[in-house]
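Take a look at the structure set out below.
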Amino acid sequence: MLVDKTILLVIGGGIAAFKALELIRRLRELGAKVIPVLTSAGAEFVTPLSVSALAASPVHTDLFDLTNEAEMGHIELSRCADLVVVCPATADFLAKMATGLANDLASTLLLATDKPVLIAPAMNVRMWNHPATVRNVEMLRHDGILFVGPNRGEMACGEFGEGRLAEPAEIVSAIEVSFLGDKLAGKRVLVTSGPTFEPIDPVRYLANRSSGAQGAEIARALVMQGAEVVFVTGPAEVAPPAGVKLVSVETAVQMAAAVRDELPVDVAIFAAAVADWRVKKAATGKIKKTQGGTPPSLDFTENPDILATTSKMKSGRPKLVIGFAAETENVEENAIAKRLRKGCDWILANDVSPKAGIMGGTENAVTLISHEGLERWPRLSKAEVAVRLADQIHKALLS
Ligand code: C5P
C-alpha cells in the first residue's frame, strides 16, 4: 500500500524512540522508502547506525553537514518525501514547531517542507496535559498538522495516563490514511464504541470486556479521511481519537439517547459492545450482604437495540448503517442472520471466543457481510481493519 511512497522520518528524543526502529521496518515491508533524520536528542536513545541500517539509507543529523549539503541540501531534503513523519515528537519539538523555530536540521526541515506532516507525540502525561502543550497542539492542528496518538497507558517514567507513543501499527495506518486524502470530507459519520456499564447499585455494575480499541481506530481512520466524526463512547480503556466530537456515556439507555440526539448522519457505525440487559431497578443504596448469605436476585429488562432502531428508521435513516457481530461460534452464519434481523446494511463479523484473542487484543479477523455476500478479510491490526472499512465506506458512498 505504500509502494512508491517516500517518508521523511524525523526521530526525536525520548525513551519511545526505539519504537521508531520498528516503524521503519514496517514501512519498508509495505514498500515505502524511508529517509531518516535523527535529532541530537534522538541520537541519545537510538544509534545512527541502527537507524540507517534498518532504513537502508544514510541518516541525516546535522544542519551544517557539508557532505550531506553537497549531496542533498536541507531544502531539497524537506521536499523529497511524500510525507514527513515525526516519531516520537517531544513537547520541546512541538513547541518549536508551533512557534516556527528552525535551529537544527529537524526543525528547519519542518519549517521548509511543503509536504503533509504527521506527528506522533510521546511524553509524560503532565507534559502532554500542560496548558502550553495543549496550546501548541491546538495551533499545530489549526495549521493542518496531522496527529496520531498519544495513547493512554503505563509510561516509562512509571506514571499512567495519556502520553504514550502510538504503537507502530497505528502510526503505519495513520500514514496510510494520510495518503487516502480527504475522500470523506463533508460526510458526517457517527461511531459508537466501548462497553456500557449497567448499574446494579451505586457501587456495582455489569460490564463486558470490550476495550473500545476497534471503535476508536475506526473513528481515527474516518477523521483522517476528512469526515466529521461523532464518537459516542462508553467507558472504554483506550483513549478516544483526536479530532472527533466526543460524547461520553455510561449506560445503553444513555448511548441510545446520545445517538438519537446526534442524528442525522450520512453513515452510522455501531462498534459498541452494548449490554443486552440492564437491571430493571438499580438499587439507590449499596446492596448489603444478608445474614443468611442468600445472594440478591436481580430482575433484568432488555436494553434498547440502538443498531436495530437506527436501521429501521422510517425517515432520516443514515445512508449506510454498519453493525458488528461479535460471536463465539458459527460466526458467519449468526452474523448473516443478524444483518437481516437488525436491518443494517453491513455487518462486520468477528470471532470473540477467548481462543481468537481478539477481545481486548490489537488484531481483528473480520468478515464483511453485505447484501452482496461475504468478504473475508485477513487477520489485520485493528488500525488496518479501520483503514479498510473507511475505504469501503468511501466506495459505497460514491456508488
Ligand atoms: O445483538 P448483538 O449485541 O449481538 O448486536 C451487535 C451489534 O448491535 C453491534 O453493532 C452493537 O453495537 C449493536 N447493538 C446496539 N444496541 C444494543 C445491542 C447491540 O447498537 N442494545
Side-chain angles (χ1 to χ4, degrees), residues 189-199 205-219 222 229-238 240 247-263 265 267-280 300-313 316-318 320-353 356 358-360 364-370 377 382 385-386 389-390 392-393:
V189 184
L190 180 141
V191 180
T192 69
S193 185
T196 62
F197 284 5
E198 307 296 334
Y205 57 84
L206 294 167
N208 59 64
R209 294 186 196 280
S210 166
S211 63
Q214 186 61 82
E217 287 302 343
I218 291 170
L222 295 165
V229 178
V230 182
F231 189 63
V232 180
T233 179
E237 250 171 57
V238 300
V247 185
S248 297
V249 298
E250 213 165 279
T251 66
V253 169
Q254 289 166 358
M255 188 174 276
V259 168
R260 214 170 34 240
D261 288 350
E262 293 298 337
L263 296 177
V265 295
V267 181
I269 304 165
F270 294 90
V274 185
D276 291 320
W277 313 279
R278 67 178 180 277
V279 176
K280 207 170 197 171
F300 287 99
T301 186
E302 214 168 322
N303 267 329
D305 191 319
I306 314 168
L307 170 62
T309 311
T310 312
S311 299
K312 292 173 186 167
M313 283 172 70
R317 181 192 190 275
L320 193 55
V321 180
I322 304 168
F324 273 79
E327 303 285 344
T328 50
E329 56 223 13
N330 303 329
V331 178
E332 290 179 353
E333 213 175 300
N334 285 338
I336 291 167
K338 189 167 289 180
R339 189 182 83 85
L340 298 174
R341 200 167 59 242
K342 303 249 187 185
C344 57
D345 303 297
W346 299 352
I347 281 262
L348 291 175
N350 56 355
D351 183 350
V352 289
S353 59
I358 280 170
M359 207 83 167
N364 211 346
V366 157
T367 301
L368 172 66
I369 297 164
S370 69
W377 295 0
K382 289 182 177 174
V385 167
L389 181 64
Q392 298 273 32
I393 290 171

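Note that the structure is predicted; figures quoted are calculated from it, not measured. Hydrogens, waters and symmetry mates are skipped; everything else that's a heavy atom, side chains included, is used. Numbers for residues simply follow the sequence, beginning at 1. Numbering of ligands and ligand atoms starts at 1, following listing order.
Residues Thr251 and Arg278 have side chains not in contact (no heavy-atom distance under 4.5 Å, counting atoms from C-beta outward).
Partners of Glu332 under the salt bridge (Lys or Arg N to Asp or Glu O under 4.0 Å) rule, at least two apart in sequence or in another chain, are Arg376. Every residue two or more places apart in sequence or in another chain was checked for a salt bridge (Lys or Arg N to Asp or Glu O under 4.0 Å) with Glu250, and none qualifies. Here Arg339 pairs with nothing under the salt bridge (Lys or Arg N to Asp or Glu O under 4.0 Å) rule; sequence neighbours left out.
Looking at Arg341, Lys312, Lys338, Lys342 one by one, the single match for salt bridge (charged side-chain N to carboxylate O under 4.0 Å, His left out) with Asp305 turns out to be Lys342. Here the rule is side chain to side chain contact (heavy atoms under 4.5 Å, CB included) with Trp346, and of Val321, Leu389, Ile269 only Leu389 fits it.
Listed as neighbours of ligand 1 are Phe270, Ala272, Val274, Asp276, Pro304, Asp305, Ile306, Leu307, Gly323, Phe324, Lys338, Lys342, each bearing a heavy atom under 4.0 Å from the ligand.
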